[in-house]
Amino acid sequence: MGKITFENGKWKVPDSPTILYTDGDGIGPEIMDATRKVVDAAVKKAYKNKKIEWREVLVGDKALKEKNDRFPQESQDAINEYRVLLKAPLGTPIGTGFKSINVRIRLMLDLYSNIRPVNYMKGLESPLKHPENVNLTIFRENTDDLYMGIEWKYDSPEAAEIRKFLMDKFQVHISDDSGIGIKPMSRAKTQRITRAAAKFAIENNKKKITIMHKGNVMKYTEGAFREWAYETLENEFGGYVSKDDPSKILVNDMIADNMFQQIITRPENYEVIIAPNIDGDYISDAAGALIGNIGTLGGANVGDNGGMFEAVHGTAPKYTGMNVADPLGLIRGAQLMLKYMNWHEAHDVVERAIGTAIETKRVTQDLAKFFNVKPMGTKEFGESLVTIIENM
Ligand code: NAP
């Protein structure tokens, strides 16, 4: 047993690391159970001397039920101590109620890069004619922007005070029935997500980086994001990137609304996308739709001292407890974790198993409809991946 530690952003992983997991809400417990079994089987197949020691932390509905608190202090302490977490989706109410725990964990561990690879899997039905051209990775800034959650309800004394301040000081009128949210975007945070994306592009032989922004309207936040990202690329990666030299990684920028239509009409033009927090969140679901299913996408939230790995999708409440949800998104999240742990062999075992499952059409209902086959349950699909791995 041992803790994963970090040195200058590099992971040091013992052979039996303790890794935290949380079951999440809705379909979370079902997909987590399947995912951990698949990961354990892959690690066992790939190595003689390695094993993950899973430790559960209670968060969300389960924590509320058992500890009367959605995010108990002991769970926060464990996350702060162990710093690597496999997380099933957590529900967040719209418009009222508690702050997103997902966001709180990202801020707590300063997980500034949200990395979402979107690659087409052969056999899936996509709305595109050539979905095989979709092979992109989104680097979404994860700690800045409106998602910092600095906001006040329209009828709160704080909102009234801010409206008054803006009127008195700057003669800016905001009507009395307006809620207020703050959109901070900083140079340092833009620089670090840009560095993470550039390093990824260089290490993975990518040919294109696109900076996404809505800087034509939000000039001093998203416009500045564009400027700082270019500045970082030019100053720190000038030997590798260029705006016009095709022998280097080509860098361009694109306004957010245009980006949404461009990834549909010309997905082959996009390989690495650097996006502010909100834009990055939206574009990754849209990109997921291009390959036919967001249920199969995983994401990593990584900083210099920790990581949280998850599915891109949410709790899919209508499927709760029905044994029909697809665990592939969370399995993909776990694969990213294996990559960060430098356990590439185990990652590859999972990849091959997923390939076999798709080829042989052993899939859950979301994909079974494309293949015209009888769907497997979540549990049975997980077990079948384990069997595929054991028989490799
Ligand atoms: P969602 O949970 O992602 O579900 C939307 C739809 O996507 C489902 O109705 C289903 O589509 C499909 N889907 C998603 N995951 C699937 C899976 N594993 N297997 C099969 N189909 C899947 O989005 P939502 O309904 O907007 O959000 C529900 C809750 O999740 C909200 O409380 C939200 O805050 C939370 N959420 C959490 C996270 C997170 O923890 N990181 C992320 C996003 C949302 P069909 O109806 O077409 O079958």
Side-chain angles (χ1 to χ4, degrees), residues 21-35 38 57 59-64 70-71 79 85-107 109 111 114-116 118 121 124-127 138 140 142 147 149 277-278 280-302 307-334 336-337 354 357 363-371 375-382 385:
Y21 74 94
T22 186
D23 268 346
D25 306 331
I27 58 170
E30 298 160 74
I31 60 172
M32 179 58 80
D33 186 55
T35 299
V38 170
V57 281
V59 180
D61 289 349
K62 199 167 171 184
L64 187 65
R70 286 192 170 274
F71 197 18
I79 292 171
L85 173 71
L86 181 65
K87 184 193 70 68
L90 291 164
T92 310
I94 300 169
T96 95
F98 57 90
K99 262 193 186 167
S100 163
I101 298 173
N102 296 313
V103 173
R104 285 174 67 188
I105 298 174
R106 286 173 195 156
L107 296 177
L109 297 183
L111 306 176
N114 183 200
I115 304 158
R116 296 179 164 185
V118 185
M121 284 195 295
L124 295 195
E125 196 171 293
S126 150
I138 296 158
R140 162 191 173 200
N142 222 7
Y147 276 13
N277 207 338
I278 306 275
D281 196 16
Y282 297 160
I283 197 86
S284 27
D285 271 31
L290 296 181
I291 58 154
N293 196 320
I294 75 154
T296 58
L297 289 185
N301 300 270
V302 187
M308 174 172 80
F309 300 86
E310 61 185 348
V312 166
H313 63 74
T315 59
K318 69 179 183 186
Y319 294 138
T320 303
M322 291 169 64
N323 192 35
V324 297
D326 191 344
L328 272 180
L330 190 57
I331 293 174
R332 290 274 184 224
L336 288 167
M337 181 179 83
I354 294 173
V363 290
T364 47
Q365 50 107 24
D366 53 330
L367 305 188
K369 63 184 183 235
F370 299 139
F371 297 135
M376 300 182 90
T378 311
K379 186 166 179 286
E380 293 69 28
F381 175 65
L385 283 175

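In this text, all values refer to a predicted model and were calculated from it rather than measured experimentally. Order of appearance sets the numbers: ligands from 1, and atoms from 1 within every ligand. Computed over heavy atoms, backbone and side chain alike; hydrogens, waters and symmetry mates excluded.
For ligand 1 and Val312, the ligand atoms under 4.0 Å from any heavy atom of the residue are 42 (C). Near Pro89, the atoms of ligand 1 lying under 4.0 angstrom from a non-hydrogen atom of the residue are 40 (O). Atoms of ligand 1 lying under 4.0 Å from any heavy atom of Glu310, numbered from 1 in the order shown and given with element: 41 (N). Counting the atoms of ligand 1 from 1 in the order shown, those under 4.0 Å from a heavy atom of Gly91 are 32 (O). Those atoms of ligand 1 that come under 4.0 Å of a heavy atom in Tyr319, given as number and element, are 10 (C), 21 (N), 45 (P), 46 (O), 48 (O). Of all the atoms in ligand 1, the ones that sit under 4.0 Å from a non-hydrogen atom of Lys87 are 39 (C), 40 (O), 41 (N).
Put simply, the side chain of Asp23 never gets that close to the backbone of Met32: no donor and acceptor are under 3.5 Å apart. The backbone N or O of Ala325 lies less than 3.5 Å from a partner atom in the side chain of Thr378, making a donor-acceptor pair.
In this structure, of His313, Lys369, Arg106, the residue bringing a heavy atom nearest to atom 15 (N) of ligand 1 is His313. Considering Gly314, Ala311, Gly329 only, the shortest heavy-atom separation from atom 3 (O) of ligand 1 involves Gly314.
Residues meeting the side-chain hydrogen bond (donor to acceptor under 3.5 Å, both in side chains) test with Asp285, sequence neighbours left out: none. Residues satisfying the side-chain hydrogen bond (donor to acceptor under 3.5 Å, both in side chains) test with Asp366, not counting sequence neighbours, are Asn293, Thr364.
Note on Asp25 versus Lys62: no salt bridge recorded, every NZ/NE/NH1/NH2 to OD/OE distance being 4.0 Å or above.
Between Lys318 and ligand 1, at least one N/O pair is under 3.5 Å apart. In terms of polar-atom proximity, Ala316 is counted as a contact of ligand 1, with an N or O under 3.5 Å from an N or O of the ligand. Remark: ligand 1 and Thr92 share an N or O pair separated by less than 3.5 Å (distance only, no angle test).
Residue contacts with ligand 1, taken as heavy atom pairs separated by less than 4.0 Å, involve Asn102 solely via side-chain atoms from C-beta onward.
Residues Ile101 and Arg70 are in side-chain contact: their nearest non-hydrogen atoms beyond the backbone lie under 4.5 Å apart. Inter-residue side-chain proximity for Glu310 and Asn301 is flagged as met; some heavy-atom pair is nearer than 4.5 Å. Between Asp281 and Tyr147 the shortest side-chain heavy-atom distance falls below 4.5 Å.
Within the 4.0 Å heavy-atom cutoff, Leu330 does not count among the residues contacting ligand 1. Assignment of Pro317 to the shell around ligand 1 is supported, since a heavy atom sits closer than 4.0 Å. The shortest separation from a heavy atom of Ile31 to ligand 1 is not under 4.0 Å, leaving the residue out of contact.
Contact detail for Leu336 and Ala300: the closest heavy-atom pair is CD1-N, 3.7 Å. Smallest separation of non-hydrogen atoms from Pro29 and Gly24: CD-O, 3.9 Å.
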